[in-house]
Amino acid sequence: MIDLRSDTVTRPSAAMRAAMAAAEVGDDVYGEDPSVNRLQQAAAARLGKEAALFMPSGTMANQAALRALTQPGDVVLASQGAHILRYESGAAAALSGLHIREIGAAGLFDAADVHAAVSPGDHHYAPTAAVAVENTQNSSGGRIFPFEQLRHVAVAARDRGLKLHLDGARLFNAAAATGIAVDRWAEPFDTVSICLSKGLGAPVGSLVCASAATIERVHRFRKMLGGGMRQAGILAAAGLHALEHNVERLAHDHANARRLAAGLEELGYPVEPQPESNIVLFRVHDTRRFLRATRERDLLVNPVAEGVFRAVTHLDVSADDIEDALRRLRDIAAA
Ligand SMILES: Cc1ncc(COP(=O)(O)O)c(C=O)c1O
């Protein structure tokens with residue numbers, strides 16, 4: 001089986017499992033889990049923030065962060081197709097009373113989009129409170145927010161008195177692809193969520209990184225959402241292992257994605273956009289037939305829209321697996 005549905009399908013390696021088994025633990029609701037504390041310190045230091053809080057998922061990390069930056073009834077500006085709007089089960093509306101307004105196109109927006117979308121300061125309008133950026137952006141094919149454009153967006157947001165949240169579920173991919181370190185990407189943001197359970201290969205875990213005062217607020221909302229965990233050091237140990245061993249190698253996933261994209265195009269499956277990180281979006285004529293044919297050949301890819309599939313490279317697929325996947329795809333194209 002070659003599983004390219006998502007970078008979340010990775011399984012912890014033997015070394016990661018050993019680190020988990022050996023983890024020192026305590027009750028993290030009392031703040032007494034040394035492994036969680038170590039992970040939080042390591043993440044805060046990497047992201048250049050004062051503090052960090054361990055979360056069970058990227059969704060909870062995003063939603064607790066957004067809640068900490070806003071009040072019910074506020075508007076948050078986000079990219080078209082933003083995970084916080086499309087794929088978090090309506091949490092922002094249901095749990096925090098937020099309107100999320102999509103701006104820009106194909107996962108990106110600029111400073112002018114921010115200025116144009118800010119509500120007039122009049123009591124008829126819901127106040128605009130924050131801008132959320134997703135980097136890399138999942139639904140647009142792992143697109144990287146251009147660094148200078150992001151700077152301009154941040155200046156516009158600050159000009160208008162808005163808070164800034166970064167959904168950095170794949171921020172380490174953006175850093176690996178650009179050579180711009182995660183702390184530089186994180187610098188303009190009030191809150192940054194990162195995921196350990198995607199490209200970094202941990203079984204569970206995300207963090208919110210922010211100032212100590214903001215983390216205190218996030219902590220309260222984590223509790224409210226039921227995200228207080230007890231001997232979570234077993235999971236934190238996997239996260240620490242991931243940060244130590246699985247960051248440098250992300251460049252291999254990106255090279256594999258580029259190779260897969262080139263192979264798909266040679267077989268007549270158009271790739272759009274060209275992959276900038278580890279996600280490849282490609283077109284097929286017949287969604288159902290393609291899905292069946294790939295499943296029959298033990299190749300897993302995800303349909304994301306009519307005629308569009310997504311393949312994601314990750315820790316558990318090698319360059320040889322990509323060649324093998326392309327051989328199976330060649331079979332399908334020839335059938
Ligand atoms: C960009 C982005 N943000 C947040 C999440 C949510 O992460 P989780 O599945 O851990 O809730 C995902 C998950 O795929 C994602 O792609």
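All heavy atoms count here, side chains included; hydrogens, waters and symmetry mates do not. Just so you know, these numbers come straight off a predicted model, no measurement behind them. Counting convention: from 1, in listed order, for ligands and their atoms alike.
- Grouping Ile, Leu, Val, Met, Phe, Trp and Tyr by side-chain contacts under 4.5 Å, direct or through others, puts Met1 with Leu300.
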Polar pairs, ligand 1 vs protein, N/O only, below 3.5 Å.
from, atom 1, to, atom 2, distance (Å)
ligand 1, 3 (N), Asp167, OD1, 3.1
ligand 1, 3 (N), Asp167, OD2, 2.7
ligand 1, 7 (O), Lys198, NZ, 2.8
ligand 1, 10 (O), Gly58, N, 2.8
ligand 1, 10 (O), Lys198, NZ, 3.3
ligand 1, 11 (O), Gly58, N, 3.4
ligand 1, 11 (O), Thr59, N, 2.9
ligand 1, 11 (O), Thr59, OG1, 2.6
ligand 1, 16 (O), Asn138, ND2, 2.8
ligand 1, 16 (O), Arg170, NH1, 2.8

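- Residue Ile100 belongs to a hydrophobic cluster whose other members are Leu66, Val76, Ile84, Leu85, Leu98, with links defined by side-chain heavy atoms closer than 4.5 Å.
- Annotation: Phe309 is not in aromatic contact with Tyr269 [ring centroid separation under 6.0 Å not met].
- In the hydrophobic clustering, Leu53 connects to Met55, Met60, Leu95, Val208, Ile215, Val218, Leu225, either directly or through intervening members, whenever side-chain heavy atoms lie under 4.5 Å apart.
- Here the options are Gln137, Glu134, Arg143, the test is side-chain hydrogen bond (donor to acceptor under 3.5 Å, both in side chains), and the partner is Ser79; only Gln137 passes.
- With a 4.5 Å cut-off on side-chain heavy atoms, Ser197 and Val204 do not count as touching.
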